[in-house]
Amino acid sequence: MKTFCGRANPTTGALDWVEESEEYDFHQEIARSCYADMLHDGDRNEKYNQGIRAAVARLKARGERVVVLDIGTGTGLLSMMAVTAGADFCYAVEVFKPMAEAAQSIVKKNGFSDKIKIINKHSTDVTVGPDGDMQEKANLLITELFDTELIGEGALPSYEHAHQNLVQEGCEAVPHRATVYAQLVESELLWSWAQLQPVEAEGAQLVPPPAIGRCAGAHSVCDIQLSQVSPASFTPLSPLCTMFSVDFSKPVSSAFQSRSATFVAQSAGRAQVVLSWWDLDMDPSGTIVCSMAPSWTYPQPETWRDHWMQSVYFLPVEIQVAQGDELSLTVCHDDYSLWFCLQSHSSADLSASPPPRPCCTCQAHLVWTRPRFGELNDRRRTESYVGALRSVLSEDSVGVSVSDGSLLPVFAHMLGAKKVLETNSLRGGVELLEIRPEQLTCQDLGGERISVLMGEPFFSSSLLPWHSLFFWYCRSALAGLLQPNATILPCSASLHMVAVEFQDLWRIRAPCGTCEGFDVTPMDEMIQRSLDFRESREAEPHPLWEYPCRALTQSAAVMTFDFTQCVPQQPISSQGSLSGRCHGVALWMEIHLTDDITVSAGLTQPISEQGDCVWTRHRKQGVYFFSSPWESSGDGRTAVSYRFTFEPGLGDVNMDFSVTSQ
């Protein structure tokens, strides 16, 4: 039996549905899961263990038999902690069948099969009774159902159902309580991810349409590693506010709720962004705390985690505030998401309806991602494109732009080109051609031929750096419509690579072995089987500005693509070797607009002598993890041989690495 899976096709710029083995989705889900990342989170594991031991001790002190319900058990780690702490029996619920099977193996391997029952169901389908999944209701509820937004994985409905059906009244819970915090800030950097800003070009200002300026934007949370956003990038306008808490030992409601925090503005500025994170109190007294706060909020960073990050919310409109203003910040949540709004405290009407969830009305937030907004608002990048266009355009230029949602045709129009056409999207002063490049004819151009073919290139379907090579295929499709001396901008692109040692990202691929003294190798083996199915032979996209790494080599161009020529019929190959100890390689494209103007989709500064890397925040880079990064991070050195092959028929770059110890 086959299954259809979506894969980006760089030859068409589209998402193709291709037949894959029925096991493909299964293996991809496991290979790209965060199970290993969670088990490598020592702080999380330690705090859960402490909280579980304390909860079991409290129940034993009351003379109660300890029956545990562990929802979302994963590997069964928390249930094994509970039994080790003295729990009498555990019901461990896991809805994902492969993980439930791994948990069964792990529990057996560690000798807990008589004390832990794995239930492969969603917790809302679990039954209690003589013939049910559980023989009795639990008096200790243990869960790990949280995401970066706390409630985005359905924690509230799961807790609500559990208290109604699966646990005793007055039960203990680990974690006992969650508290959500928020801080109002002004940040040009972060706000550039939410709204299109005016653009200066050739002494004129390009102002976004009013519909975009009035739009409240996308409602979804922006989850990032806030530790990698320097405090110098924002101005706090409020203290850190406690927005709300949820006591998991008591009945929980998933119904809509809103809470407000009042404060006095501690500085003047434009209220634009809300930074938010949460803490888990593992015990009722709050002495065992697992915090999601970014590293710059405490003197010594505690631990790294990628499964829980921090949240950025954008206010529907920016509001000018003065120091000393009394303000009210309101958070609303339904069963899966949060949103914020700001009012002056004097105008806040407690009887008024709560603010609605933000909704995009301008369509731009449905087309552009937040990094794409940031890219379009990048002044230095804009100057590079405008400078390149200025050097090739003249008053009789006939230009065609091939990119998704690009401002290039508008810049070309402002620079005086006679005619500018764009395939894909509409811009003022530019003729829109609602056809694909390969369908373009001379009649569509008014009988003229293209003198300047331009592109950023950017395509919304691109996942990996070389997917932008769709521009090359478009250029080839339009070859018959180009003037003999037509300018192609960009004229070429090069794929760059650098060997890196990640500070923490390597953990998502490293096996766990033992975790808190428990053998979890069945999970390691399950993940490795899924990686070997395909993922271990492919690069994957990561925004490396969020994941510090150290370069162990200088960056090198491993392949160059000449856009002044059509896509070749034969594959392009390159090979070489690297030296150093590394977890893998980072890959990105550098776009050569002209012979002397280049825009990087990877490193934005030269690598320092210490190997420090500064990455663009606008695009994801490709990361190829070596099969044993945890072995190559010791004192031994490795030699890495590589071979890259560009397959014109597929539009894809295949890569092969071999790592040998020296």
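Aromatic ring centres of Phe502 and Tyr547 lie farther apart than the 6.0 Å criterion allows. In this structure, Phe644 has its ring center closer than 6.0 angstrom to the ring center of Phe657. Residues Trp615 and Trp588 bring their aromatic ring centres within 6.0 Å. Between Phe373 and His365, the ring center distance clears the sub-6.0 Å criterion. Aromatic ring centres of Trp466 and Phe459: separated by at least 6.0 Å.
Using a distance-only test at 3.5 Å, with no hydrogens or angles considered, a donor-acceptor pair links the side chain of Thr594 to the main chain of Ile597. A donor-acceptor pair under 3.5 Å is formed between the side chain of Asp404 and the backbone N or O of Ser460. Looking only at distances, a side-chain donor or acceptor of Thr553 sits under 3.5 Å from a matching main-chain atom of Ala499. In this structure, Arg643 contributes its side chain and Gln575 its backbone to no donor-acceptor pair below 3.5 Å.
With no hydrogens or angles considered, a side-chain donor-acceptor pair links His592 and Ser494 at under 3.5 Å. Between the side chains of Thr645 and Asn654, no donor N or O sits under 3.5 Å from an acceptor N or O. With no hydrogens or angles considered, a side-chain donor-acceptor pair links Asp279 and Ser291 at under 3.5 Å.
Rounding to the nearest 0.5 Å gives a distance of 12.0 Å between OG of Ser337 and CG of Leu150. Rounded to the nearest 0.5 angstrom, Ile118 CD1 and Ile106 CD1 are separated by 9.0 Å. To the nearest 0.5 Å, atoms OG1 (Thr598) and CG (Asp595) are separated by 9.0 Å. The distance from the CD atom of Glu94 to the OG atom of Ser79 is 10.5 Å, given to the nearest 0.5 Å. Here Asn120 contributes atom CG and Thr73 contributes atom OG1; the two are 12.0 Å apart, rounded to the nearest 0.5 Å.
Annotation: side chain of Leu408 is in contact with side chain of Glu456 (closest heavy-atom distance under 4.5 Å). Val221 is listed as a side-chain neighbour of Tyr313, based on a closest heavy-atom distance under 4.5 Å.
Just one residue in the list Asp41, Asp504, Thr148, Asp37 forms a side chain to side chain contact (heavy atoms under 4.5 Å, CB included) with Asp306, and that residue is Asp37.
A salt bridge links Glu540 to Arg509: at least one charged side-chain nitrogen sits closer than 4.0 Å to a carboxylate oxygen. Look at Asp43 and Arg305 and you find a salt bridge, because one of the NZ, NE, NH1 or NH2 atoms lies within 4.0 Å of a carboxylate O, short of that distance.
A parallel orientation is assigned to the rings of His583 and Trp506, their planes being inclined by less than 30° (bins at 30° and 60°).
Qualifying salt bridge (Lys or Arg N to Asp or Glu O under 4.0 Å) partners for Arg44, counting only residues two or more places apart in sequence or in other chains: Glu144. Pro568 meets the side-chain contact (heavy atoms from CB on, under 4.5 Å) test with Trp472, Ile572; sequence neighbours excluded. A search for salt bridge (Lys or Arg N to Asp or Glu O under 4.0 Å) contacts involving Arg619 returns Glu375, not counting sequence neighbours.
The cationic group of Arg370 does not satisfy the cation-pi geometry with Trp193, failing either the under 6.0 Å distance to the six-membered ring centre or the 45° limit from the ring axis.
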